[in-house]
Amino acid sequence: MVNEPVLLVIAHGSRDPRHAATVHALVRRVRALQPGLRVETGFLDFNVPSVQGVLESLAADGVRDVVALPLLLTRAFHAKADIPAVLRDAPRSLRIRQAEVLGPSPLLLSALERRLYEAGLTPADKSSTGVVLASAGSTDPEAIAVIADIAREWRHTGWCAVRPAFASASLPRTEDAVDELRRLGCARVAVAPYVLAPGFLPDRIARGAAGADVLADVLGAAPEVAALLLRRFHTAVTAPVLAPSHVPGRFLSRV
């Protein structure tokens with residue numbers, strides 16, 4: 001039996017091959033930061049291996065403890081419903097802790113700024129630059145409120161203005177937020193995609209950024225994101241298991 005906890009990174013998956021390639025690049029960076037940690041990747045849809053398949057393989061390997069980490073930036077439907085449902089169907093021999101989603105976190109703000117600087121901005125540009133914080137969007141009010149809170153917090157770090165925008169489900173769209181920042185008189189406008197990997201919605205963000213001066217890359221395998229994955233993992237490992245699940249001999253908690 002394997003006693004060391006295994007980190008299972010759970011990604012959404014996409015028909016766009018860039019999505020899985022970016023997820024795997026991020027996981028490689030996590031492994032490089034902590035070489036002794038076993039890190040596996042499972043996808044909810046479109047890509048293989050599936051989350052269920054990885055869990056079954058881990059159980060067959062004699063693994064006992066798993067930290068399931070949603071590769072998500074907000075606690076929306078996937079974190080609240082989809083992932084717990086998959087984990088409840090895992091082999092009974094596994095004790096699973098579901099770690100918190102990645103956002104919000106100061107490390108993500110650092111990663112966003114890294115991407116903007118890589119796209120051509122400098123710290124000296126902050127006071128004259130308006131930024132669109134462009135996320136995928138959600139029908140979950142909690143997730144939408146978190147994006148708005150992040151935009152307000154980020155504004156206080158020295159940017160001329162920061163406005164949230166959404167590629168789907170919510171308003172405003174990226175192009176509308178760009179126009180608003182122009183009307184506010186910002187000398188330049190930058191779009192910072194608050195998304196982890198390329199795909200359909202990030203491409204929509206990019207199209208909406210046509211009127212901006214700067215478009216940053218997705219967060220991807222930024223070192224800050226990799227460090228945050230490990231932080232969420234260690235928080236989950238050290239937290240107590242809250243209560244047994246309905247399956248005898250197995251525990252499932254979110255920490």
Side-chain angles (χ1 to χ4, degrees), residues 6-31 37-61 63 66-91 94 96-103 105 108 111 115 134-140 142-144 146-147 166-170 193-207 217-222 224-226 228-230 232-233 236 252 254:
V6 172
L7 170 56
L8 171 57
V9 176
I10 301 179
H12 181 273
S14 171
R15 292 185 178 91
D16 189 322
R18 297 173 298 166
H19 174 90
T22 302
V23 170
H24 291 311
L26 175 59
V27 169
R28 285 195 297 271
R29 174 155 270 175
V30 171
R31 291 187 181 118
L37 174 63
R38 180 173 176 180
V39 187
E40 302 290 345
T41 307
F43 295 91
L44 291 173
D45 206 354
F46 302 116
N47 302 105
V48 292
S50 68
V51 176
Q52 186 66 29
V54 175
L55 290 169
E56 290 172 357
S57 294
L58 292 174
D61 287 347
V63 170
V66 176
V67 171
L69 197 160
L71 198 59
L72 301 168
L73 296 175
T74 58
R75 284 200 71 240
F77 182 78
H78 293 304
K80 294 177 178 178
D82 282 353
I83 292 175
V86 173
L87 298 180
R88 281 193 293 269
D89 289 336
L94 295 176
I96 301 173
R97 292 174 171 87
Q98 181 179 331
E100 262 296 359
V101 298
L102 298 180
S105 168
L108 291 175
R115 293 305 190 217
S135 74
S138 173
T139 57
D140 188 306
E142 178 187 351
I144 297 303
V146 166
I147 299 299
F166 307 94
S168 68
S170 306
Y194 190 62
V195 293
L196 286 165
F200 175 76
L201 292 179
D203 284 349
R204 181 179 288 178
I205 290 171
R207 291 193 296 272
D217 200 358
V218 298
L219 294 169
E224 296 87 352
V225 179
L228 181 55
L229 262 71
L230 285 175
R232 294 285 188 258
F233 168 76
L252 175 60
R254 184 180 66 80

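- Every residue meeting the salt bridge (charged side-chain N to carboxylate O under 4.0 Å, His left out) condition with Asp140, not counting sequence neighbours, appears here in chain and number order: Lys80.
- Using the six-membered ring where Trp is involved, His12 and Phe46 have ring planes that are tilted, between 30° and 60° apart.
- Note that the CG atom of Leu72 and the CG atom of Leu196 stand 8.0 Å from one another [nearest 0.5 Å].
- Distance alone, capped at 3.5 Å, places no donor-acceptor pair between the Asp203 side chain and the Pro198 backbone.
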Pair Val86, Ile10 - check side-chain contact (heavy atoms from CB on, under 4.5 Å), show working.
CA-CA 11 Å; Val86 173; Ile10 301 179; over 6 Å; no
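- Nearest approach of Pro70 to Ile83, heavy atoms of both residues: CB-CD1, 3.6 Å.
- When all heavy atoms of Ile96 and Ala90 are compared, the pair lying nearest together is CD1-CB, 3.5 Å.
- Between Leu73 and Val101 the shortest side-chain heavy-atom distance does not fall below 4.5 Å.
- Expressed to the nearest 0.5 Å, how far CD of Glu56 lies from CG of Leu94 amounts to 9.5 Å.
- Results of the side chain to side chain contact (heavy atoms under 4.5 Å, CB included) test with Val39 over Leu69, Leu8, Val9 single out Val9 as the only residue that passes.
- Residue pairs meeting the salt bridge (charged side-chain N to carboxylate O under 4.0 Å, His left out) criterion with at least one member in residues 7-17, sequence neighbours excluded: Asp16-Arg18.
- Between the CG atom in Leu201 and the OG atom in Ser135 there is a gap of 9.5 Å [rounded to 0.5 Å].
- Partners of Arg115 by side chain to side chain donor-acceptor pair (under 3.5 Å), not counting sequence neighbours, listed by chain and number: Glu118.
- Within the 3.5 Å criterion, the main-chain N or O of Leu219 finds no donor-acceptor partner in the side chain of Glu224.
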For side-chain contact (heavy atoms from CB on, under 4.5 Å), just list the numbers for Asp61 and Arg38, CA-CA rounded to whole Å, side-chain angles, deciding distance to a tenth of an Å, and then say yes or no.
CA-CA 12 Å; Asp61 287 347; Arg38 180 173 176 180; 2.9 Å; yes
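- When every heavy atom of Thr41 is checked against every heavy atom of Val54, the shortest pair comes out as O-CG2, 3.5 Å.
- Phe233 pairs in a side chain to side chain contact (heavy atoms under 4.5 Å, CB included) with only one of the listed residues (Leu37, Leu228, Val30), which is Leu37.
- Pairing each heavy atom of Ile144 with each of Ser170, the nearest pair is CD1-OG, 3.0 Å.
- Not a single donor-acceptor pair under 3.5 Å links the side chain of Glu40 to the backbone N or O of Val6.
- Residues Val195 and Ile205 have side chains in contact (heavy-atom distance under 4.5 Å, counting atoms from C-beta outward).
- Remark: Leu230 CG to Arg29 CZ distance equals 12.0 Å, nearest 0.5 Å.
- One distance of note links CZ of Arg232 with CG of Leu71; it measures 12.0 Å at 0.5 Å rounding.
- The minimum heavy-atom distance between Ala143 and Ala76, with the atom names listed, is CB-CB, 4.1 Å.
- When every heavy atom of Asn47 is checked against every heavy atom of Ser14, the shortest pair comes out as OD1-N, 2.8 Å.
- Side-chain contact check for Leu55 versus Leu87: some heavy-atom pair is nearer than 4.5 Å.
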